[in-house]
Amino acid sequence: MKESAQNKLRRYNIKPSVQRMAVLDYLMTHHTHPTADTIFNALYPSIPTLSKATVYNTLNLLTEQGVIQMITIDEKNARFDARETPHLHFKCNECGEIFDFDLPPFTMEALKDFEVSDIQMYCKGVCPSCQKKKENIN
């Protein structure tokens with residue numbers, strides 16, 4: 001059974017406000033690696049008291065506490081991901097979409113003497129859909 005945003009916030013000792021639950025729930029249900037502006041634009045119609053500052057502050061808090069990951073694969077905008085299992089990101093240089101790929105199980109044994117606070121793995125290139133579009137043009 002899927003964990004609720006409220007329970008996840010409590011698990012990380014974060015007070016679950018309406019805004020925090022909405023932002024986290026959006027990330028947990030939309031695996032599109034959205035930007036802060038995307039989240040704000042999606043939530044504002046149902047929460048008209050929501051401000052962009054609240055979204056940015058919530059994302060910063062969730063990132064600092066390890067609830068979500070800030071992805072820096074996009075040079076223009078930080079993206080956010082609530083998926084907790086280790087995975088690789090692929091960003092298409094044509095359409096800008098970010099895809100998740102599961103990683104084979106790996107051991108952190110090589111890093112045993114290091115204090116790891118963040119792991120990011122990503123690739124950039126052209127997705128199959130954009131490759132087909134390019135082939136059809138040529």
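Under the 4.5 Å side-chain criterion, counting only non-hydrogen atoms from C-beta, Leu62 is in contact with Ile14. At least one side-chain heavy atom of Phe114 sits under 4.5 Å from a side-chain heavy atom of Leu111. The shortest side-chain heavy-atom distance between Leu24 and Met28 falls under the 4.5 Å cut-off. Side-chain atoms of Met70 and Glu64, non-hydrogen and from C-beta on, never get closer than 4.5 Å to each other. Within the 4.5 Å cutoff, no side-chain heavy atoms of Lys15 are placed close to those of Leu9.
Tyr12 OH: more than 12 foreign heavy atoms inside a 6.0 Å radius. Environment of NZ in Lys124: crowded, with over 12 heavy atoms of neighbouring residues, nucleotides or ligands closer than 6.0 Å.
We find that Arg10 and Glu3 are not joined by a salt bridge, their nearest charged nitrogen and carboxylate oxygen being 4.0 Å or further apart. Salt-bridge annotation for Glu94 and Lys134: present, with a side-chain N of the basic residue lying under 4.0 Å from a carboxylate O of the acidic one.
The CE atom of Met121 sits 11.5 Å away from the CD1 atom of Ile73 when rounded to the nearest 0.5 Å. For the atom pair CE of Met21 and CD1 of Ile47, the computed distance is 9.0 Å after rounding to the nearest 0.5 Å. Here CG of Leu43 is found 9.0 Å from CZ of Phe40. Values are rounded to the nearest 0.5 Å. Rounding to the nearest 0.5 Å gives a distance of 8.5 Å between OG of Ser129 and CD of Glu97. In this structure, the separation between NZ on Lys76 and OG1 on Thr35 is 12.5 Å, given to the nearest 0.5 Å. Rounding to the nearest 0.5 angstrom, the gap separating the NZ atom in Lys133 from the CD atom in Glu135 is 13.0 Å.
Phe101 and Phe80 end up in different hydrophobic clusters when Ile, Leu, Val, Met, Phe, Trp and Tyr side chains are linked at under 4.5 Å. With hydrophobic clusters built from ILVMFWY side chains whose heavy atoms lie under 4.5 angstrom apart, Leu27 shares a cluster with Leu61. Tracing side-chain contacts under 4.5 Å through hydrophobic residues (I, L, V, M, F, W, Y), one never reaches Ile71 starting from Leu88; they form parts of separate clusters.
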Test log, rule side chain to side chain contact (heavy atoms under 4.5 Å, CB included), inputs Asp37 and Tyr56: CA-CA 9 Å; Asp37 286 342; Tyr56 280 95; 3.3 Å; yes

Full working for side chain to side chain contact (heavy atoms under 4.5 Å, CB included) between Glu84 and Lys8: CA-CA 11 Å; Glu84 293 183 281; Lys8 191 167 187 174; 3.5 Å; yes

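Side chain of Thr54 to main chain of Leu50: no donor-acceptor pair is present (N/O by atom type, distance under 3.5 Å, no hydrogens or angles).
Of the residues listed (Asp100, Ile98, Ile68), the one engaging Asp81 in a side-chain contact (heavy atoms from CB on, under 4.5 Å) is Asp100, and it is the only one.
A tilted orientation is assigned to the rings of Phe99 and Phe90, their planes being inclined by 30° to 60°. Using cut-offs of 30° and 60° on the angle between ring planes, the pair His33 and His87 is tilted.
Nearest heavy-atom pair, Cys130 versus Cys92, reported as atom, atom and distance to 0.1 Å: SG-SG, 3.7 Å.
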